[in-house]
Protein chains: 2
Amino acid sequence: MTRRPQNTRDRLTQTAARLFQRSGYNGVGLTEILTEAQAPKGSLYHHFPKGKQDLALAAASWASDGMRDMIAAAFNDAQDFRAGVTTLCHRIAKLFDSSPQWETCPIAATLFESPDNRAFRDHADRLYESWIDEVRDHAKRFGIPQPDMAADTLFIVMQGGWQLARARRDSNVLRRLPDHVPWDRFQHQD
Amino acid sequence: MTRRPQNTRDRLTQTAARLFQRSGYNGVGLTEILTEAQAPKGSLYHHFPKGKQDLALAAASWASDGMRDMIAAAFNDAQDFRAGVTTLCHRIAKLFDSSPQWETCPIAATLFESPDNRAFRDHADRLYESWIDEVRDHAKRFGIPQPDMAADTLFIVMQGGWQLARARRDSNVLRRLPDHVPWDRFQHQD
DNA sequence: ACAGGACTGGACCGATCGGTCCAGATGAAA
DNA sequence: TTTCATCTGGACCGATCGGTCCAGTCCTGT
């Protein structure tokens, strides 16, 4: 009987990631997470000694890895940088359509609450920079003249675009994101 | 003795706006709001019969008005659209520097939690669109060829830029936002 | 076979949550 | 001065919060 696949730790991490993204760190109780993950409290505090906070850090890391894989896949298949950006935007739009459309960026929902928690903020910073690093590496590979700025631009429009798509409940905002990018500044002949 | 200025309703609204922005809707308890606003529970439920939810809607509206005023002021003083954007970015950077630098967009912090609340989402949409409308009107006034798109672009880079500034703890991200805007698409000679 | 760490199950805790209720204070109109 | 609606003050409520604790179970190495 395999009613509960994987090990308990992964089940907890992934369930928590999903629920935190849906309702934010403070919007989800341990009871709900434990019920959905079919795990008792003892297991949680065995795998995550600091409780909810440890769980949130692990959940955010897991969600971040998924996003970084998505970025890597989009650029690996691409002919040039711009094509990679376009592919990524379309795939994120698809992701948006297949999710309850009020969800936030998983990192922000999980880690950008609770005022005085330095560990959360530092962790969020690290995860975000790992996305940006990934993009920058591809920008370099494609010979973009200002890879740092290009990576920052993509991060900015993705974050802001998701927010606007959420408000308007319209994934086309995400598909049109390449229109908001100053491509002339990223041309090879610069 | 004027220990408590203004009327109770405004004190509650503004205190709630500040605390919600700091810790999110679910991150602030009524007790904390009431203590800081120096008001008892009876007053809260007199002015806001539906309790925390009514209070959040009012707080978000109040915060939104402040932001819209800021947008209007930046563009009213400006020579052209681009100058207005630059001014706005610098003022927002200043605002960022003078606040605890982990705060979110006040609308998002207050209204973009709790999964199934349609009223919150609709209200957030309305408030965001009021910002975008304000920008679009100025874009039209300055003769920008694609005012809708220009307004969307500004919203997107402001939201995304704030997020990146927050992660990096660096307000210069906001000051450099104009570098991420495709100005050639907003030129008059189009 | 058995020893011992890894892991599970869940009862239990004090604190805090959002919300209800109503007596008392206040102030303007009659 | 009396009246009445508005507003304030705070005691009180059941539910849920995150966290603790430990007995019991399972698995692995010897």
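Keep in mind that the numbers below use all heavy atoms, side chains included, and drop hydrogens, waters and symmetry copies. Letters go in sequence order (proteins before strands), and every chain restarts at 1.
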query = Tell me: CG of A:Leu44 to P of C:dA6, nearest whole Å?
reply = 18 Å
Separation of atom CD in A:Glu32 from atom C1' in D:dA15, rounded to whole Å = 15 Å
B:Arg185 side chain to B:Ala150 backbone, donor-acceptor under 3.5 Å = no
query = In whole Å, what is the span from the CG atom of A:Leu12 to the C1' atom of C:dT8?
reply = 11 Å
ask   = Under the salt bridge (Lys or Arg N to Asp or Glu O under 4.0 Å) criterion, do B:Arg136 and B:Asp133 qualify, and how do the steps go?
value = CA-CA 5 Å; B:Arg136 194 183 48 233; B:Asp133 286 349; 2.8 Å; yes
ask   = Mind checking whether B:Gln53 and B:Tyr25 have side chains closer than 4.5 Å, heavy atoms only?
value = yes
The helix from C:dA1-D:dT30 to C:dA30-D:dT1: angle between end helix axes, five pairs per end, rounded to 10 degrees = 0°
request  = Salt-bridge test for B:Asp125 and A:Arg168: reply yes if a basic N is under 4.0 Å from a carboxylate O, no otherwise.
outcome  = no
Any residue meeting side-chain hydrogen bond (donor to acceptor under 3.5 Å, both in side chains) with A:Thr13, in chain and number order, not counting sequence neighbours = none
query = Quick one: are B:Trp162 and B:Leu174 in side-chain contact, heavy atoms under 4.5 Å?
reply = yes
task = Could you encode protein contacts along nucleotides 19-29 of chain D as a string, one character per nucleotide from 5' to 3', using B for base contact, S for sugar-phosphate-only contact and - for no contact, with a heavy-atom cut-off of under 4.0 Å?
result = BB---------
task = Check side-chain hydrogen bond (donor to acceptor under 3.5 Å, both in side chains) between A:His47 and all other residues, then give those that pass, not counting sequence neighbours.
result = none
So which protein nitrogen or oxygen atoms get under 3.5 Å of nucleotides 3-7 of chain D's nitrogens or oxygens?
unit_1, atom_1, unit_2, atom_2, d
D:dC7, OP2, B:His46, NE2, 2.8
D:dC7, O5', B:His46, NE2, 3.4

ask   = Can you find a heavy atom in the side chain of B:Val135 that is under 4.5 Å from one in the side chain of B:Leu88?
value = no
ask   = Closer than 4.0 Å, any side-chain N/O of A:Thr31 to the OP1 or OP2 of D:dC17?
value = yes
request  = Could you state the atom-to-atom distance from CG of A:Asp10 to P of C:dT8 in whole Å?
outcome  = 11 Å
Separation of atom CZ in A:Phe48 from atom C1' in C:dC7, rounded to whole Å = 13 Å
task = Ignoring hydrogens and angles, tell me if any N or O in the side chain of B:Arg175 forms a donor-acceptor pair with the backbone of B:His90 under 3.5 Å.
result = no
remark   = Atom CD of B:Gln38 and atom C1' of D:dG9 are separated, to the nearest Å, by 13 Å
query = Residues in ring pair (Phe, Tyr, Trp, His ring centres under 6.0 Å) with A:His138, at least two apart?
reply = A:Phe75
key: Test item: side-chain donor near acceptor, A:Arg166 and A:Gln163, under 3.5 Å   = yes
